Amino acid sequence: CLFSAARMTRATNSNHEMYSGGFGYFGIVLPRFGQAASYFALQNANWILVGLDTAYIDHDMDPKQVAWLEQLVNGRGQRKVVLFSHQQLFSRLSDQGTNLKAKLDGLLTGRKITAWYWGHEHQCVLYDQHQDWGLFARCLGNGGIPEARNREVRNAPQERAESYVTWRRLEVNPQKPWSPRSLALDGPNPDVKGRENDFVPHAYMTLQFAGSQLTERVFLPDGTKIFENTIS
């Protein structure tokens, strides 16, 4: 997972980097980016952007990183906090991040996190604001690897159509109560020739920070905008 802004690139650790021992990530990527550690923070007068390492300990965080994050967030002043990670805190379509929830419970229940962006699942799922924690969560893992279309998503009600894709509404699953209602991206993937209707469409998101406002935009690979939302 890459984060780029103002000619700076930062990379968060993921499970596949660790499957290979982490040598490429720690030995090549971080030195090349001039990145001192596998977790990081950037801030301005209104925002703190935090990249987490949720893979060195798989789908979890070590106590040192948790303490660093808590100190950072508790000293934020009036700044809003946005988290980025590879693994998910919760999911409507996959497993919940039980260890992450346990480690960050105080920050979550204290409503100290404004938004959290993750990947891992090769889906695009945009969650409604969390009813208890107040955060906006986004799964954005459909950038490149083809993923078979999910039957539950394909059968969900259509909220709106954009270009050749459809946003479908997923209600709360009682078996996964952490996950709010959400919009899931569905439709054909024209990049998988001959099997276009079998795979989830690719997309990517940009974030624009203007003062205390954060504008999210989702685009198809050809640059067509299919979603826009402002968090303030």
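This is a predicted model, so every value here is computed, not measured. Heads up: numbering here begins at 1 and tracks the sequence.
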For the pair R217 (side chain) and E228 (backbone), establish whether a donor and an acceptor sit closer than 3.5 Å, ignoring hydrogens and angles.
-> no
Test item: K176 side-chain N/O and S94 main-chain N/O as donor-acceptor pair under 3.5 Å | yes
Single-linkage hydrophobic cluster L93~F199, side-chain heavy atoms < 4.5 angstrom | no
Do L220 and S163 touch side chain to side chain, with heavy atoms closer than 4.5 Å?
-> yes
Does some side-chain heavy atom of K112 sit less than 4.5 Å from a side-chain heavy atom of N74?
-> yes
Intermediate values then yes/no, salt bridge (charged side-chain N to carboxylate O under 4.0 Å, His left out), R154 and E152 = CA-CA 6 Å; R154 295 181 72 162; E152 184 178 5; over 6 Å; no
Using the side chain to side chain contact (heavy atoms under 4.5 Å, CB included) rule, take V82 and V50 through it: C-alpha gap first, then chi angles, then the decisive distance, then the call.
-> CA-CA 6 Å; V82 178; V50 185; over 6 Å; no
Between L83 and V81 the two heavy atoms that sit nearest each other are CD2-CG1, 3.9 Å
Would one find more than 12 heavy atoms of other residues, nucleotides or ligands at under 6.0 Å from atom OH of Y19?
-> yes
Distance-only, no hydrogens or angles: does the H202 side chain make a donor-acceptor pair with backbone N or O of N142 under 3.5 Å?
-> yes
Quick one: do W133 and V66 end up in the same hydrophobic cluster if we chain Ile, Leu, Val, Met, Phe, Trp and Tyr together by side-chain heavy atoms under 4.5 Å apart?
-> yes
Are any of the side-chain heavy atoms of Q131 and P180 separated by less than 4.5 Å?
-> yes
Roughly how far, to the nearest 0.5 Å, is the OH atom of Y204 from the SG atom of C124?
-> 12.5 Å
Is Q158 atom CD crowded by more than 12 heavy atoms from other residues, nucleotides or ligands, each under 6.0 Å away?
-> yes
Taking all heavy atoms of L100 and all of Q88, pick out the closest pair and write down the distance.
-> CD1-O, 3.6 Å
Hphob cluster co-occupancy, L108 + V172, side-chain heavy atoms under 4.5 angstrom = no
When hydrophobic residues are tied together by side-chain contacts of less than 4.5 Å, even through go-betweens, does Y117 share a cluster with V200?
-> no
Between Y39 and W68, is the ring centre distance below 6.0 Å?
-> yes
Should K103 and D62 count as an ion pair when the cut-off is N to O under 4.0 Å?
-> no
Using only heavy-atom distances, determine whether the side chains of T230 and T215 contain a donor-acceptor pair under 3.5 Å.
-> yes
Could you please spell out the steps behind the side chain to side chain contact (heavy atoms under 4.5 Å, CB included) verdict for H86 and N13?
-> CA-CA 7 Å; H86 181 76; N13 197 11; over 6 Å; no
If two hydrophobic side chains count as joined below 4.5 Å and joins carry through other members, does V192 share a cluster with V165?
-> no
Side-chain heavy atoms of W118 within contact of L140, under 4.5 Å | no
Interatomic spacing from OG1 in T224 to CZ in F219 - rounded to 0.5 Å | 9.5 Å
Is the backbone N or O of S212 less than 3.5 Å from a side-chain atom of K80, with the two atoms forming a donor-acceptor pair by type?
-> yes
In terms of side-chain geometry, is the basic nitrogen of R168 or E159 positioned less than 4.0 Å from the acidic oxygen of its partner?
-> no
Does R10 use its side chain to pair, donor to acceptor, with the backbone of F33 at less than 3.5 Å?
-> yes
How about F90 and W116: are their ring centroids closer than 6.0 Å?
-> no
For P31 and G27 the tightest heavy-atom approach is CG-O, 3.5 Å
With side chain to side chain contact (heavy atoms under 4.5 Å, CB included) as the test, would you mind laying out the steps for Y127 and R92 before giving the verdict?
-> CA-CA 9 Å; Y127 293 92; R92 178 62 175 75; 3.7 Å; yes
Any chance you could measure I113, atom CD1, to R76, atom CZ, to the nearest 0.5 Å?
-> 7.5 Å
Euclidean distance, I57 CD1 relative to M18 CE, rounded to 0.5 Å = 10.0 Å
Would you check if the side chain of T54 reaches a backbone N or O of Q87 as a donor-acceptor pair within less than 3.5 Å?
-> yes
Derivation and outcome, side chain to side chain contact (heavy atoms under 4.5 Å, CB included), residues F84 and L52 = CA-CA 6 Å; F84 301 86; L52 301 176; over 6 Å; no
Considering all heavy atoms of both residues, which atom of G119 and which atom of C139 are nearest to each other, and what is their separation?
-> O-SG, 3.9 Å
Return yes if some donor-acceptor pair links the side-chain N/O of R149 with the main-chain N/O of N197 below 3.5 Å, else return no.
-> yes
Between Q35 (side chain) and A11 (backbone), is there a donor-acceptor pair under 3.5 Å?
-> yes
Is a side-chain donor or acceptor of Q213 paired with a backbone partner of S232 at a separation under 3.5 angstrom?
-> no
Looking only at atom types and distance, does a side-chain atom of H59 sit under 3.5 Å from a main-chain N or O of N15, one as donor and one as acceptor?
-> no
Beyond-backbone contact of R169 with L183, side-chain heavy atoms, under 4.5 angstrom = yes
R111 atom CZ, over 12 foreign heavy atoms within 6.0 Å | yes
With a 4.5 Å heavy-atom cut-off, do D58 and D60 have their side chains touching?
-> no
More than 12 heavy atoms of other groups within 6.0 Å of Y56 OH | no
From R79 atom CZ to L49 atom CG, the distance as rounded to the nearest 0.5 Å = 11.0 Å
Side-chain contact, heavy-atom cut-off 4.5 Å: Q123 with L185?
-> no
E196 and N189: side-chain donor and acceptor closer than 3.5 Å?
-> no
What is the distance from atom NE2 of H130 to atom CG of D132, rounded to the nearest 0.5 Å?
-> 5.5 Å
Is there a side-chain contact between L42 and I48 (heavy atoms, below 4.5 Å)?
-> no
Identify the two heavy atoms, one from R160 and one from I226, that lie closest to each other, and give their separation to 0.1 Å.
-> NH2-O, 3.9 Å
When every non-hydrogen atom of A55 is compared with those of D53, the smallest separation belongs to N-OD1, 3.0 Å
